[in-house]
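Here is the structure we will look at.
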Amino acid sequence: MNEAEKIWMNGELVDWRDATVHVLTHALHYGSSVFEGIRAYETDQGPAVFRLEDHLARLERSAAMYYMPIPFSRDQLRAGVHEVIAANGLSSCYIRPLVWRGYGTMGLYPLDSPVDVAVAVWEWGAYLGEESLRSGIRAKISSWRRIGNNTIPATAKAGGQYLNSILAKIETHNSGYQEALLLNENGNVADGSGENLFMVKDGLLITPPMASSILMGITRQTILELAADEGIDVVEADIPRAELYTADEVFITGTAAEVCPVREIDDHEIGDPGPITARLQTRFFNAVKGEDPRSAEWLDHVSPGAA
Ligand code: PPE
């Protein structure tokens, strides 16, 4: 991993190697943490965080679903994100805010455990490789179903639920594919291991709805807004597995994975990135770099003095 110098921990900057926890930390045993994945991109006005308010709002919602009061306000966390980026002197980075049940009690009633907060940043290039962003990836449907809405709140971004993604990822990686796609309990398409999914059929852009056990991705929301700008027809609808095989285009979206074409699913050829994928991918990368009409609304510029 690309280590940086400082991590923001409970309100203070500490050295990277000192950002540690006790082995009896509640979250380590039971997955009782919530987190965010955010990116800051290099712009001609220095680093800018993409949709920071939206990510912090989702962090608050995830924490609320697990009865976890975050001991810092939205403004304090926003300032912490700016501070840790500036302190590390990074022009672009991945940002990982983490809120977790800390050290103090064991057992499954966590409300007496302290809640700790950290924000780490580091350089993280293209999640599935630079080449994947150009030519697309080979994906496979995992035999593991995506966690159901009545098993765990699928819309919360909580540590424990990623065990589901980890199993799917290991299974498909070991079979030689770059990403896992998960079906929900009804057998319709839900998410990638760490991405949302879109398909294009006859000019229509289709993505699974909230009720299909997806994480409500902020990149997904961005694509829905950019598609509206572009006059592309969009619908949120269930996608049966086999619909993917005859799609004209498929792509996945996420903060880490960005907007990444899928060129093959279960050994069915979808083909090279199609025109709608290419248009939306270009708008997305322009937007994050400050070169799109939407940029002003979505970018939060880090001032050099933030450290
Ligand atoms: N679905 C899942 C299951 C998911 O984990 C992510 C993000 C998304 C959809 C897309 O959400 P958004 O980033 O708001 O567009 N996955 C994060 C973690 C990846 C990791 O390997 O860690 C991310 O992309 O940061």
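Because the structure is a prediction, the values reported are computed rather than measured. All ligand and atom numbering here is 1-based and tracks the order in the structure. Computed from heavy atoms alone, side chains included, the values below leave out hydrogens, waters and symmetry copies.
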From CA spacing to verdict: side-chain contact (heavy atoms from CB on, under 4.5 Å), R146, Q161 | CA-CA 9 Å; R146 166 93 175 147; Q161 72 190 48; 4.2 Å; yes

Quick note, side chain to side chain donor-acceptor pair (under 3.5 Å) partners involving residues 14-24, not counting sequence neighbours, are K6-D15

Between F251 and F198, what is the ring plane arrangement, given parallel below 30°, perpendicular above 60°, and tilted in between?
-> parallel

Does E230 come within less than 4.0 Å of R279, counting only side-chain N to carboxylate O?
-> yes

Give the atoms of ligand 1, by number and element, whose distance to some non-hydrogen atom of Y127 is under 4.0 Å.
-> 19 (C), 20 (C), 21 (O)

What protein heavy atom sits nearest atom 13 (O) of ligand 1, and how far away is it?
-> T255 OG1, 2.6 Å

Are F72 and W8 near enough that their ring centres are under 6.0 Å apart?
-> yes

In ligand 1, which numbered atoms sit nearer than 4.0 Å to a non-hydrogen atom of G37?
-> 25 (O)

Which ligand 1 atoms are under 4.0 Å away from a heavy-atom of S193?
-> 3 (C)

Does an N or O anywhere in T253 fall below 3.5 Å from an N or O of ligand 1?
-> no

Contacts under 3.5 angstrom, residues 104-121 side chains, donor-acceptor by atom type, not counting sequence neighbours:
from	atom 1	to	atom 2	distance (Å)
T105	OG1	S113	OG	2.6
D116	OD1	N10	ND2	3.2

Among non-hydrogen protein atoms, atom 1 (N) of ligand 1 lies closest to D191 OD2, 2.9 Å

Kindly indicate whether a cation-pi arrangement holds for K140 with Y177, taking the cut-offs as under 6.0 Å to the six-membered ring centre and within 45° of the axis.
-> yes

Of the listed options (G254, G194, S165, G217), which comes nearest to atom 6 (C) of ligand 1 when hydrogens are ignored and any heavy atom counts?
-> G194

N196 neighbourhood, listing ligand 1 atoms whose heavy-atom distance to it stays under 4.0 Å | 9 (C), 10 (C)

Is there a donor in the side chain of E179 and an acceptor in the side chain of S193, or the other way round, less than 3.5 Å apart?
-> yes

What is the nearest protein non-hydrogen atom to atom 9 (C) of ligand 1, stated with its residue, atom name and distance?
-> E195 C, 3.3 Å

Can the ring centres of H26 and Y30 be said to be less than 6.0 Å apart?
-> yes

Return a yes/no value for R220: is any of its N or O atoms, backbone included, closer than 3.5 angstrom to an N or O of ligand 1?
-> no

For the residue pair S213 and E185, confirm or rule out a side-chain donor-acceptor distance under 3.5 Å.
-> no

Electrostatic pair E36-R61, nearest N-O below 4.0 angstrom = no

Counting only heavy atoms, which portion of R96 has something under 4.0 Å from ligand 1: side chain, backbone, both, or neither?
-> side chain

Would you mind running through ligand 1 and noting each atom that sits below 4.0 Å from a heavy atom of R146?
-> 3 (C)

Judged by non-hydrogen atoms, does E36 sit under 4.0 Å from ligand 1?
-> no

Would you call the rings of W122 and Y94 parallel, tilted or perpendicular if under 30° counts as parallel and over 60° as perpendicular?
-> tilted

Give a yes-or-no answer on whether the side chains of T277 and E249 include a donor-acceptor pair shorter than 3.5 Å.
-> yes

Around atom 15 (O) of ligand 1, find the nearest protein heavy atom and jot down its residue, atom name and distance.
-> T219 OG1, 2.5 Å

Tell me: protein heavy atom nearest atom 5 (O) of ligand 1, and distance?
-> Y162 OH, 2.4 Å

Taking the non-hydrogen atoms of Q221, is any one of them nearer than 4.0 angstrom to ligand 1?
-> no

Measure the distance from atom 23 (C) of ligand 1 to every protein heavy atom, then report the residue, atom name and distance (to 0.1 Å) of the closest one.
-> Y94 OH, 3.5 Å

Any N or O of A257 closer than 3.5 Å to N or O of ligand 1 = no

How does K157 reach ligand 1, if at all, at less than 4.0 Å between non-hydrogen atoms: by side chain, backbone, both, or neither?
-> side chain

Could you tell me which atoms of ligand 1, counted from 1 in the order shown, lie closer than 4.0 angstrom to a heavy atom of I218?
-> 12 (P), 14 (O), 15 (O)

Under 4.0 Å from any heavy atom of A256, which atoms of ligand 1 are there?
-> 23 (C), 24 (O), 25 (O)

